[in-house]
Number of protein chains: 2
Amino acid sequence: MTGDGERKGRITLEDIARSTGFSRATVSRVLNDKKSVKPSTVKIVEQAIEQLSYRPNVSASALSGGRTMTVAVCLPETLRPYYSILLGGIENISSQKGYDIIFKTKNYPRAARELAESRRVDGMIIRNMKEDAEHAQLFRELVRCNIPFVLIGKPMQEYPSIHIDNVGGARKVAHHFAEHGYRRILCITGPNRHVDAIDRVYGFKMGLSERGIDPEGVTLAEGDYSKEQAFNLMKEHFPKPQFDAVFAANDNMALGVLLYLRRIGMRVPEDMGLAGFDDSFFSEYLFPPLTTVRQPMYEMGSIAMETVVSLMEGSTREKGIILPTQLVVRRSCGCPYTYNGVDDADEGEHRHFDLV
Amino acid sequence: MTGDGERKGRITLEDIARSTGFSRATVSRVLNDKKSVKPSTVKIVEQAIEQLSYRPNVSASALSGGRTMTVAVCLPETLRPYYSILLGGIENISSQKGYDIIFKTKNYPRAARELAESRRVDGMIIRNMKEDAEHAQLFRELVRCNIPFVLIGKPMQEYPSIHIDNVGGARKVAHHFAEHGYRRILCITGPNRHVDAIDRVYGFKMGLSERGIDPEGVTLAEGDYSKEQAFNLMKEHFPKPQFDAVFAANDNMALGVLLYLRRIGMRVPEDMGLAGFDDSFFSEYLFPPLTTVRQPMYEMGSIAMETVVSLMEGSTREKGIILPTQLVVRRSCGCPYTYNGVDDADEGEHRHFDLV
DNA sequence: CTGAAAGCGCTTACAG
DNA sequence: CTGAAAGCGCTTACAG
């Protein structure tokens with residue numbers, strides 16, 4: 001409108017400088033480092049910025065040595081619904097801190113390396129489920145590019161990572177089982193190599209011990225986290241289950257067990273208690289609703305983001321944050337008195353509507 | 001390593017130019033517009049790029065008039081699990097086309113405007129559920145900034161948008177009801193102002209008409225898409241349901257109905273047929289699994305991305321794409337012969353495992 | 001088909 | 001506390 005310097009109608013730092021009479025350097029300083037600018041100047045410049053509704057060009061500041069103000073979030077390609085919770089936590093913090101997030105799933109180890117190499121992001125959050133060569137290479141590349149990152153999932157000594165307290169979660173299930181008098185227990189574990197799986201068994205046994213139950217009395221069976229496998233495991237090895245209760249190392253497998261029990265006419269929890277792990281999206285909708293252990297996905301996201309931010313801002317890296325898990329008691333085990341569905345008494349309390 | 005021009009160890013266009021003997025301009029051309037470069041030159045330059053594993057600095061090219069190669073994806077703050085499916089579709093295409101995606105939910109109308117004004121993205125995909133002033137302002141701003149965008153959800157005449165065939169989906173439900181002999185039907189609609197809700201009722205009646213059933217015989221009740229409301233609606237207005245079947249305008253409400261029916265001891269589908277709409281994440285896990293209409297979320301994502309890409313590349317805008325919906329028949333209505341759970345015959349077919 | 005040069009909008013030592 | 005100047009790594013008319 002002024003007829004000068006307004007190419008494309010976009011307002012630049014230059015415009016602010018001209019309109020206030022200060023130099024570009026000074027304007028830039030109030031944008032990034034108010035400390036070294038006279039307060040009155042700050043005020044004047046900020047007013048102009050407000051007035052002209054100026055917005056810095058991120059590409060320009062990134063190019064001239066500033067930050068891109070964006071962090072990459074890398075998730076496995078199998079998009080699980082609970083990732084949307086995780087994303088929620090991440091984005092909540094990132095928006096507070098003024099960062100944008102770039103989202104990657106497709107072949108992310110490679111995509112992430114490209115992001116690093118083309119200087120697209122200042123930091124990264126990576127959900128690493130398995131540790132393979134590609135990941136290792138990515139991590140090395142990130143270090144080389146000097147891009148801070150935090151891992152969510154499989155904890156790794158060498159890098160900052162956040163994971164959940166598998167041991168504690170399984171321990172709580174054990175305590176719960178003990179309190180409800182379950183003694184003959186089948187435990188369907190995850191793959192024997194998975195850290196998570198190992199920790200869950202470990203915690204479960206520890207919990208039983210603590211309640212005076214001999215953990216060696218527990219029957220163990222190795223699953224692969226799928227409901228199909230759990231179903232078949234039951235069918236082939238325990239066609240006539242001689243247990244009071246089953247603890248499955250994830251909800252998927254608990255579902256497989258539930259299907260099998262229903263198939264052979266055993267009722268849950270009347271004939272057999274059942275608990276899972278994860279509080280998967282479907283668990284509260286099962287019939288009966290599944291007792292399980294909830295991972296704090298939202299919080300994980302928040303903390304992951306907070307951690308990268310502080311790393312990007314130069315903090316010395318804090319490694320190995322462990323988040324607590326929460327036992328969610330539903331009808332499949334230990335919550336026998338709750339009416340399955342909706343009760344008049346529940347009117348004000350919508351939580352109970354979730355129990356189908 | 002070469003000791004020169006390798007500040008920070010980062011390889012630049014300059015390096016490629018020097019190593020090949022061509023100018024920066026030429027190298028840039030093979031990056032963006034091979035057409036105007038001699039084939040043999042292209043080959044030489046590309047080899048050098050490969051050799052030095054050069055990756056262009058996106059900020060630099062964005063700044064100098066190129067594209068940012070990123071598009072923003074704006075979703076409502078209520079992160080629903082099926083958004084991860086949508087994101088999957090979006091990201092699949094974006095990775096193919098070489099675009100990055102920036103993800104926004106927190107207060108996205110404002111965040112999106114900022115992205116536009118700071119030239120962070122070349123295009124945008126917006127899941128607009130309601131049409132309010134803030135959205136209108138955003139759309140105007142995007143037009144002003146010359147940033148192409150496509151809407152997912154509420155269709156709008158003025159802008160390119162993608163939505164699903166609500167009419168067709170509800171029509172299929174009606175046909176299904178008709179085929180299974182349901183005649184006395186309760187239809188719980190969505191809010192009377194929602195386009196989606198209106199279309200679903202419209203399609204449902206149309207479908208009945210087509211099968212010779214008088215649509216005026218249908219009992220209508222206005223819901224608000226929540227299961228609580230649907231439950232209460234049943235309790236207050238239809239304590240002793242005199243229907244053969246209920247069609248709820250979304251799965252949430254179908255769930256509310258299911259809860260109520262279970263409460264009063266009516267079995268689904270034996271005593272009452274039930275169908276919903278959306279194929280929500282929990283629907284296949286209900287007891288019984290819910291017959292419903294699936295929206296092609298993954299495909300929506302893909303098509304949305306393809307559309308922005310073509311818009312960004314200068315295509316004339318194609319507006320109003322409508323995607324077909326699919327009837328998913330499960331036990332709650334019209335699938336009476338399927339064993340509820342797992343059957344020996346199903347072993348090879350894991351799909352059936354989903355029926356809980 | 002190719003190169004020299006200007007410029008994109010910012011940041012950051014270096015002086016003062 | 002502030003400014004002049006160089007530079008970030010690319011693209012794009014303009015010439016040839």
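Naming: A, B, ... by sequence-line order, numbering from 1 per chain. Computed over heavy atoms, backbone and side chain alike; hydrogens, waters and symmetry mates excluded.
- Set against C:dC10, C:dC8, D:dC1, the side chain of A:Arg24 has C:dC10 as its closest nucleotide.
- The two residues B:Leu323 and B:Pro296 come nearest to each other via the heavy atoms CB-CG, 3.9 Å.
- Taking atom CZ of residue B:Arg119 and atom P of nucleotide C:dG9, one finds them 11 Å apart after rounding to whole Å.
- At D:dG3, one or more side-chain N or O atoms of A:Ser23 fall inside 4.0 Å of OP1 or OP2 (strictly under the cut-off).
- Within 4.0 Å of A:Thr41, counting heavy atoms only, lie sugar-phosphate atoms of the nucleic acid but no base atom.
- Separating the CD1 atom in B:Ile102 from the CD1 atom in A:Ile101 is a distance of 9.0 Å, to the nearest 0.5 Å.
- When the P atom of C:dG3 is taken as reference, atom NZ of B:Lys38 falls 10 Å away, rounded to whole Å.
- At most 12 heavy atoms of other shown residues, nucleotides or ligands fall within 6.0 angstrom of atom CD in B:Gln51.
- Look at B:Asn32 and you'll find a side-chain N or O under 4.0 angstrom from OP1 or OP2 of D:dT11.
- Side-chain nitrogen and oxygen atoms of B:Ser61 include none within less than 4.0 Å of the OP1 or OP2 phosphate oxygen of D:dC10.
- Remark: A:Lys106 engages A:Glu77, B:Asn92 in a side-chain hydrogen bond (donor to acceptor under 3.5 Å, both in side chains) (not counting sequence neighbours).
- Taking atom CZ on B:Arg67 and atom P on D:dT12, their separation rounds to 9 Å, with Å as the unit.
- Summarising the geometry, the separation between CD on A:Glu14 and P on D:dG3 is reported as 13 Å, rounded to the nearest angstrom.
- Here C:dC10 presents its C1' atom at 13 Å from CG of A:Asp15, a figure rounded to the nearest Å.
- Tested against A:Phe149 for a side-chain contact (heavy atoms from CB on, under 4.5 Å), the candidates A:Val143, A:Leu311, A:Ile125 yield a single pass: A:Val143.
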(message) Give the dot-bracket line for DNA chain D from 5' end to 3' end: parentheses for intra-strand Watson-Crick or G-U pairs under 3.5 Å, square brackets for crossings, | for inter-strand pairing, dots for unpaired.
(response) |||.||||||||.|||
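- Rounding to the nearest 0.5 Å gives a distance of 11.0 Å between OG1 of B:Thr105 and CD1 of A:Ile90.
- A sub-4.0 Å separation between OP1 or OP2 of C:dC10 and a side-chain N or O of A:Ser28 is absent.
- Rounded to whole Å, the distance from CD1 on A:Ile11 to C1' on C:dC10 is 16 Å.
- The nucleotide whose nearest atom lies closest to any side-chain atom of A:Leu31 is, among C:dT11, C:dC1, D:dC10, C:dT11.
- Put simply, CG on B:Leu63 is 13 Å from C1' on C:dA6, counting in whole angstrom units.
- Each of B:Ser59 and A:Phe22 was assigned the nucleotide of DNA chain D with the nearest heavy atom; the assignment lying further toward the 5' end belongs to A:Phe22.
- Inspection of the B:Thr68 and B:Asp122 side chains reveals an N or O donor paired with an N or O acceptor under 3.5 Å.
- A salt bridge is defined here as a Lys NZ or Arg NE, NH1 or NH2 lying under 4.0 Å from an Asp or Glu carboxylate O, and A:Glu46 with A:Lys43 fails to meet this definition.
- Of the candidates D:dC1, D:dC10, C:dC10, C:dC10 carries the atom nearest the A:Asn57 side chain, counting heavy atoms from C-beta on.
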Every protein N/O within reach of nucleotides 13-15 of chain C N/O, cut-off under 3.5 Å:
from, atom 1, to, atom 2, distance (Å)
C:dA13, N6, A:Arg29, NH2, 3.1

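- For D:dG7, neither phosphate oxygen OP1 nor OP2 lies less than 4.0 angstrom from any side-chain nitrogen or oxygen of A:Ser64.
- Atom name C1', nucleotides D:dG16 and D:dT12: the rounded distance is 16 Å, in whole Å.
- B:Met312 and B:Pro148 make their closest contact through CG-CG, 3.6 Å (heavy atoms, listed as atom of the first residue, atom of the second, distance).
- A:Arg127 places no side-chain N or O within donor-acceptor distance of the main-chain N or O of A:Val73, the cut-off being under 3.5 Å.
- Set against D:dT2, D:dT11, C:dC1, the side chain of B:Pro39 has C:dC1 as its closest nucleotide.
- When the P atom of D:dC10 is taken as reference, atom CE of B:Met69 falls 15 Å away, rounded to whole Å.
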